[in-house]
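Keep in mind that the numbers below use all heavy atoms, side chains included, and drop hydrogens, waters and symmetry copies. Please read these numbers as outputs of a predicted model, since none were measured by experiment.
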Amino acid sequence: YQALRKGLIEHEMRQPYRGPEDSEDLPDGVVASDSFVARALADHADDEDLRVALVSQATPGAVVATLASGEVVVINGDGLKAVQAVLRPRAKQALRIQRGSVIRVSRMGNQWAITQWPQAEGAVVALDPQSGQVRALVGGFDFERNQFNHAEKAWRQPGSSFKPFLYSAALEHGVMPASSINDAPLAIESSTSALKNWEPKNSDGKFDGPLTLSQALARSRNLVSIRLVQMMGVGPARGWVGRFGFDADQQPDNLTLALGTGSVTPMQMARGYAVFANGGYKVEPKLIERITDSQDKVLFEAPPVKFAETMRAIPARNAFITNTLLQEVTRSGTAAAAQAQLSRTDIFGKTGTTNEAVDAWFAGFQPSLVAVVWIGYDSPRSLGQSESGGRLALPVWIDYMKRSLQKVAEQTLEPPKDVTQVEGEWFYAERAAGDYVTRLGFDEKPQAQPEPIDISNAPPLNTGYPSLPATSAEINR
């Protein structure tokens, strides 16, 4: 709760200031410490993090204000960064901060800062991947202002945070971490309106050329993901992601699937990543662990989870190798801050940022705890030109995990018997023999691939679901 609020407040401080919430008449001679000032705020709702304050003095260099508690605070320096323009004499009257203005202030480290109530929303879901028990669930910034539970009810595009499920599918089609895929321009010619003359791009507009599968996920290259789905086929890819508990009907039946243009909820994402964290088993989230009456008699207790092969969603070796890819993301890729700031290597995850930064995600885990963070507006719009999952959602995730993992020992992944390591790269044992390395996208006529492993047991698809429209260039990262 604290981590999400901090992240949303910091994002709001990067947005244009919308002006004071209200104004009160302050008679001449009344100073900030007078009890009258605090009483004037009686009709304004206070908040534990966004404190309501009444300005008694305002200059471009400093603002003096009184909190509802009567405490006098002085805001200066970086605390005025978000409102510098509206402290000038020529600022528009509706935006200007002056004597009598009712504002919001927040504690940022050792100083106070002027901010405003966040318009963006967010959610945090954390699960025990072994039992499915919900360890944290935050559905929004403030329940009093917005009762919608974004953690369970918000259907949003996952962007690149969805790619690991597709990479998992690619492993079953013979693509290994050492496989080489060409991150090169790609033109999709299709008779359907959804993909007609589609020329997808990476988020930075650049192309890196030949990349290993591991490098491609760490850098979140869109063209590689598209080529993987091309190679597998959209139908098998959709079927595979259904194994993680996603609703196949909510996923597009075209190549934009590669870029996370379907719809998921934060809870679904947590359940999906739990499959990787526990070695390949599907678990159902459990919100209620136990119910007792007033005499402590147990009325209900969730049964313990014992993994069985009937619960297996993906092979153990698939989960293991996908996890090595996710570990590289947090070591050297778009989420490198995760391992660096948590000072541990048993951290796995993936950032996600949809087109025009409408949705920002980070989904990841330490083997004992899965956590997913989503941030976006209720009415979808851009979070800002420079915003991303790495800038918005990842810091919230790190703040939460830093406290949650304080007493958790670092863990090392144990490889299953049917994988082997060759020159630092992991392979399915039968794929490591000889000089075989899958190559995709070099002549746009991929070389013959080995027979894929049968995934016919994947959940059935609803082929009647209409195609979702493709988004434009620079879809996501």
Side-chain angles (χ1 to χ4, degrees), residues 123 125-137 151-153 155 158 161-173 232 235-251 257 260 262-289 302-327 348-350 352 361 363-372 374 411 413-414 416 418-419 428 452-462:
V125 181
L127 302 176
D128 179 336
Q130 303 299 321
S131 66
Q133 287 288 351
V134 174
R135 297 304 183 207
L137 191 151
E152 294 188 286
K153 304 297 184 184
W155 289 86
S161 62
F162 197 72
K163 288 177 181 175
F165 305 107
L166 301 170
Y167 276 56
S168 167
L171 294 177
E172 300 304 301
H173 286 72
M232 294 184 286
R238 290 176 77 216
W240 187 262
V241 302
R243 291 172 172 243
F244 295 86
F246 295 109
D247 187 346
D249 289 350
Q250 294 288 349
Q251 308 310 317
L257 173 72
S263 295
V264 301
T265 68
M267 181 65 83
Q268 284 185 331
M269 289 293 281
R271 181 174 59 177
Y273 272 79
V275 174
F276 294 134
N278 66 31
Y281 296 96
K282 185 177 175 182
V283 294
E284 292 299 323
K286 297 178 181 177
L287 278 166
I288 299 175
E289 185 172 354
V305 174
K306 295 182 179 180
F307 289 142
E309 285 307 302
T310 55
M311 299 169 61
R312 182 167 288 285
I314 60 175
R317 65 180 186 173
N318 184 296
F320 172 79
I321 290 185
T322 304
N323 289 349
T324 66
L325 301 177
L326 292 171
Q327 192 173 33
F348 312 80
K350 184 70 185 75
W361 295 81
F365 60 91
Q366 190 273 346
S368 67
L369 186 65
V370 175
V372 172
W374 165 81
Q411 297 177 322
L413 288 180
E414 293 296 330
D418 48 0
V419 300
Y428 285 3
I453 296 171
D454 182 18
I455 58 172
S456 58
N457 291 326
L461 299 177
N462 179 356

Inset, instruction - Applying side chain to side chain contact (heavy atoms under 4.5 Å, CB included), name anything that partners Gln130, two or more places apart in sequence or on another chain. - result: Asp128, Asn278, Phe307

Legend entry - salt bridge (charged side-chain N to carboxylate O under 4.0 Å, His left out): pairs with one or both residues in residues 277-288, sequence neighbours excluded: Arg271-Glu284

Inset, instruction - Locate the shortest heavy-atom distance separating Val283 from Gly132; write the atom from each residue and the value. - result: CG2-CA, 4.1 Å

Inset, instruction - Please report the closest heavy-atom contact between Met269 and Ala363, naming both atoms and the distance. - result: CE-CB, 4.4 Å

Legend entry - pair Leu326-Tyr167: side-chain heavy atoms closer than 4.5 Å: no

Inset, instruction - Determine the minimum heavy-atom distance between Ser263 and Gln268, stating which atoms define it. - result: O-OE1, 4.3 Å

Inset, instruction - Sequence neighbours left out, what passes side chain to side chain contact (heavy atoms under 4.5 Å, CB included) with Ala319? Give chain and number order. - result: Ile314

Legend entry - Nearest-0.5 Å distance, CG of residue Leu166 to CG of residue Leu257: 5.0 Å

Legend entry - Asp247 CG to Arg238 CZ distance, which is reported to the nearest 0.5 Å: 9.5 Å

Inset, instruction - With sequence neighbours left out, write down each residue that passes ring pair (Phe, Tyr, Trp, His ring centres under 6.0 Å) with Phe246, or none if nothing qualifies. - result: Phe162, Phe165

Inset, instruction - For the residue pair Val264 and Phe244, establish whether any side-chain heavy-atom pair is separated by less than 4.5 Å. - result: no

Legend entry - Any Pro164 side-chain heavy atom under 4.5 Å of Tyr273 side chain: yes

Inset, instruction - Measure the shortest side-chain to side-chain distance between Arg243 and Val275 over non-hydrogen atoms and say whether it is less than 4.5 angstrom. - result: no

Legend entry - side chain to side chain contact (heavy atoms under 4.5 Å, CB included) partners for Ala151, two or more places apart: Ala123, Val125, Leu137, Asn149

Inset, instruction - State, yes or no, whether a side-chain contact exists between Phe276 and Val370 at a heavy-atom distance under 4.5 Å. - result: no

Inset, instruction - Measure the CZ-CG distance between Phe348 and Leu325 for me, rounded to the nearest 0.5 Å. - result: 11.0 Å

Inset, instruction - Compare all side-chain heavy atoms of Phe365 with those of Pro129 and state whether any distance is below 4.5 angstrom. - result: no

Legend entry - Pairwise distance CE(Met232) to CH2(Trp240) - rounded to 0.5 angstrom: 10.0 Å

Inset, instruction - Evaluate the side-chain proximity of Glu289 to Ser131: yes if any heavy-atom separation is below 4.5 Å, no if none is. - result: no

Legend entry - For Glu309, all residues meeting side chain to side chain contact (heavy atoms under 4.5 Å, CB included), sequence neighbours excluded: Tyr281, Arg312

Legend entry - Whether Gln133 side chain and Leu127 backbone form a donor-acceptor pair below 3.5 Å: no

Inset, instruction - To the nearest 0.5 Å, tell me how far Trp374 CH2 sits from Met267 CE. - result: 14.5 Å

